[in-house]
Amino acid sequence: MRRIPASWRPMLREAGIGASSIYSGLTALRKANYAEQSLYDQAFFGISIGLERMMKLAILIHARTAAGTGPPTEKQFRREYSHDLLKLFAKIEEIRVLYAGRLHWSLPNIDVSLKALGIISDFAQITRYYNMDLLVGSARVTSMRDPVEAWYSEIASWILEVKYPEKRKARDERWAEFLDATISEFSAVAFTAEDGTPISTIREATLRSSQMEIIQREGTVVCACLARHVSELFFPLEMDARKNGAADVPSLHEFFAFLNNKESFFRSRKTFG
């Protein structure tokens, strides 16, 4: 009976963790809204874990095939990268240059992608316990950004400015005005938006809900493209590893086949994986 080599197991497990985390995170982000803000934290948690595992795996495989180098030690990983996704991404960009002729995808908007990655990287390192730090009066809260508020102010605001058609905006505003005039005297609204502003009228709630669909969709596309940017490295890395005698590198790219798609596909999805 043929067995999976023992040396494959940790890589397969890490790839599995990375893929399942990315997919659950994207699914949560596609559903996150002002009324269920905990889904943002769930999304950032999954996406940050998934991207970190993916990038560290890619760096490890590349190190096995790069001339004169070996895999980074545990101390090197902790000292050089830790949970800093921006540092890891910078290394991924260096590796991508070496494989430029064998890669297909690119980031649709590098500036917005890096802003999103920065927010998720902060979450991975310091802001994942933002709410608890706030509750216990931690002094370090003063130097933190609320991750949900940061996402709304940097990513959602860009989406509404660039991806929100004027015709749809006008239609949404008319609908919000109509509902407010029709049912406001029979209804009560009490929410807080992601940026901290109160939502206290039918008009505000309706308009935010209409905007939310496009924010969810386009924000998820940004993060899916970041994951795709990393995942497409696996296939050429695996091929080169085997050519150089590193037989302990399994076909990790198969875990991320779902990401090998256009942005239009990501926009059509409400669940991932």
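Within the 4.5 Å cutoff, the side chain of Ile214 has heavy atoms near those of the Pro165 side chain. Residues His62 and Leu98 have side chains in contact (heavy-atom distance under 4.5 Å, counting atoms from C-beta outward). Between Arg269 and Phe266 the shortest side-chain heavy-atom distance does not fall below 4.5 Å. Inter-residue side-chain proximity for Asp133 and Met144 is flagged as met; some heavy-atom pair is nearer than 4.5 Å. A 4.5 Å side-chain heavy-atom check between Phe234 and Ile61 finds at least one atom pair inside the cut-off. The shortest distance between side-chain heavy atoms of Glu154 and Ile119 falls below 4.5 Å. Using a 4.5 Å heavy-atom threshold, the side chains of Ser231 and Leu259 count as touching. Contact check for Arg102 versus Asp240: side-chain heavy atoms found under the 4.5 Å cut-off.
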* To do: Report the C-alpha distance between Leu207 and Arg203 in whole Å, list the side-chain angles of each, state the deciding distance to 0.1 Å, and finish with yes or no for side chain to side chain contact (heavy atoms under 4.5 Å, CB included).
  => CA-CA 6 Å; Leu207 196 54; Arg203 182 188 179 281; 4.0 Å; yes
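Using modelled atom types, one finds no donor on one side chain facing an acceptor on the other under 3.5 Å when comparing Tyr130 with Asp41. Between the side chains of Gln42 and Ser38, no donor-acceptor pair is found at a separation under 3.5 Å. Side chains of Asp84 and Ser82: a donor-acceptor N/O pair is absent below 3.5 angstrom, by distance only.
Between Glu94 and Lys91, at least one side-chain nitrogen of the basic residue sits less than 4.0 Å from a carboxylate oxygen of the acidic one, meeting the salt-bridge criterion. Residues Glu14 and Arg9 are not paired through a salt bridge, judged by the lack of any N-O separation under 4.0 Å between the basic side chain and the carboxylate. Ionic pairing of Glu213 and Arg168 is present here: one or more N-O contacts between side-chain nitrogen and carboxylate oxygen are shorter than 4.0 angstrom. A salt bridge links Asp195 with Arg208: the distance from a Lys NZ or Arg NE/NH1/NH2 to an Asp or Glu carboxylate oxygen falls below 4.0 Å. In summary, Glu149 and Arg145 do not engage in a salt bridge, as defined by a charged side-chain N under 4.0 Å from a carboxylate O. Ion pairing between Glu218 and Arg267 holds under the 4.0 Å rule for side-chain N and carboxylate O. No salt bridge links Lys31 with Glu36; every basic N to acidic carboxylate O contact stays at or beyond 4.0 Å. With respect to Arg171 and Glu166, no salt bridge is recorded, no charged nitrogen being found less than 4.0 Å from a carboxylate O.
Between atom CE of residue Met54 and atom CG of residue Leu226 there is a gap of 9.5 Å, rounded to the nearest 0.5 Å. Expressed to the nearest 0.5 Å, how far CD1 of Ile92 lies from CD1 of Ile59 amounts to 4.5 Å. In this structure, CG on Leu237 lies 6.5 Å from CD1 on Ile95, to the nearest 0.5 angstrom. Separating the CG atom in Leu117 from the SG atom in Cys223 is a distance of 8.5 Å, to the nearest 0.5 Å.
Taking the ring-ring contact (aromatic ring centres under 6.0 Å, His included) definition, one finds that Phe45 meets it with nothing, sequence neighbours left out.
Looking only at distances, no side-chain donor or acceptor of Ser48 sits under 3.5 Å from a matching main-chain atom of Ala124. Remark: side-chain polar atoms of Glu177 are not paired, donor with acceptor, to backbone N or O of Glu173 under 3.5 angstrom. Judged purely by atom type and a 3.5 angstrom limit, Ser21 has no side-chain atom pairing as donor or acceptor with the backbone of Gly18. Side chain of Ser184 to main chain of Ala181: no donor-acceptor pair is present (N/O by atom type, distance under 3.5 Å, no hydrogens or angles). Side chain of Gln216 to backbone of Leu29: no donor-acceptor contact under 3.5 angstrom is found. Side-chain atoms of Ser24 come within 3.5 Å of backbone N or O of Ser20 as a donor-acceptor pair.
No chain of hydrophobic side-chain contacts below 4.5 Å, direct or via other Ile, Leu, Val, Met, Phe, Trp or Tyr residues, connects Tyr34 to Tyr164. When hydrophobic clusters are built by joining Ile, Leu, Val, Met, Phe, Trp and Tyr residues whose side-chain heavy atoms come closer than 4.5 Å, directly or via intermediates, Leu134 is not grouped with Val148. Leu233 and Phe235 end up in different hydrophobic clusters when Ile, Leu, Val, Met, Phe, Trp and Tyr side chains are linked at under 4.5 Å. A single hydrophobic cluster is not seen to contain both Ile199 and Met212; linkage of ILVMFWY side chains at heavy-atom distances under 4.5 Å, directly or through other members, places them apart. Under the 4.5 Å side-chain heavy-atom criterion for ILVMFWY residues, no single connected hydrophobic cluster contains both Ile126 and Leu88.
The minimum heavy-atom distance between Ile22 and Gly50, with the atom names listed, is CG1-CA, 3.6 Å. For the pair Pro236 and Tyr99, the tightest heavy-atom approach, listed with the atom from each and the gap, is CB-CD2, 3.6 Å. Between Met55 and Leu85, the shortest heavy-atom distance links the atoms CE-O, 3.7 Å.
Here the two rings, on Phe44 and Phe123, have centers that are under 6.0 Å apart.
The side-chain hydrogen bond (donor to acceptor under 3.5 Å, both in side chains) contacts involving residues 105-117 comprise Trp105-Asn260, where partners must be two or more places apart or lie in separate chains. Within the structure, every pair that satisfies the salt bridge (charged side-chain N to carboxylate O under 4.0 Å, His left out) test and touches residues 227-237, not counting sequence neighbours, is listed here: Arg96-Glu232, Arg228-Glu263.
When Tyr152, Trp151, Tyr40 are each tested for a side-chain hydrogen bond (donor to acceptor under 3.5 Å, both in side chains) with Glu194, only one passes: Tyr40.
The 12-atom threshold is not exceeded at OH of Tyr129, counting heavy atoms of other residues, nucleotides or ligands nearer than 6.0 Å.
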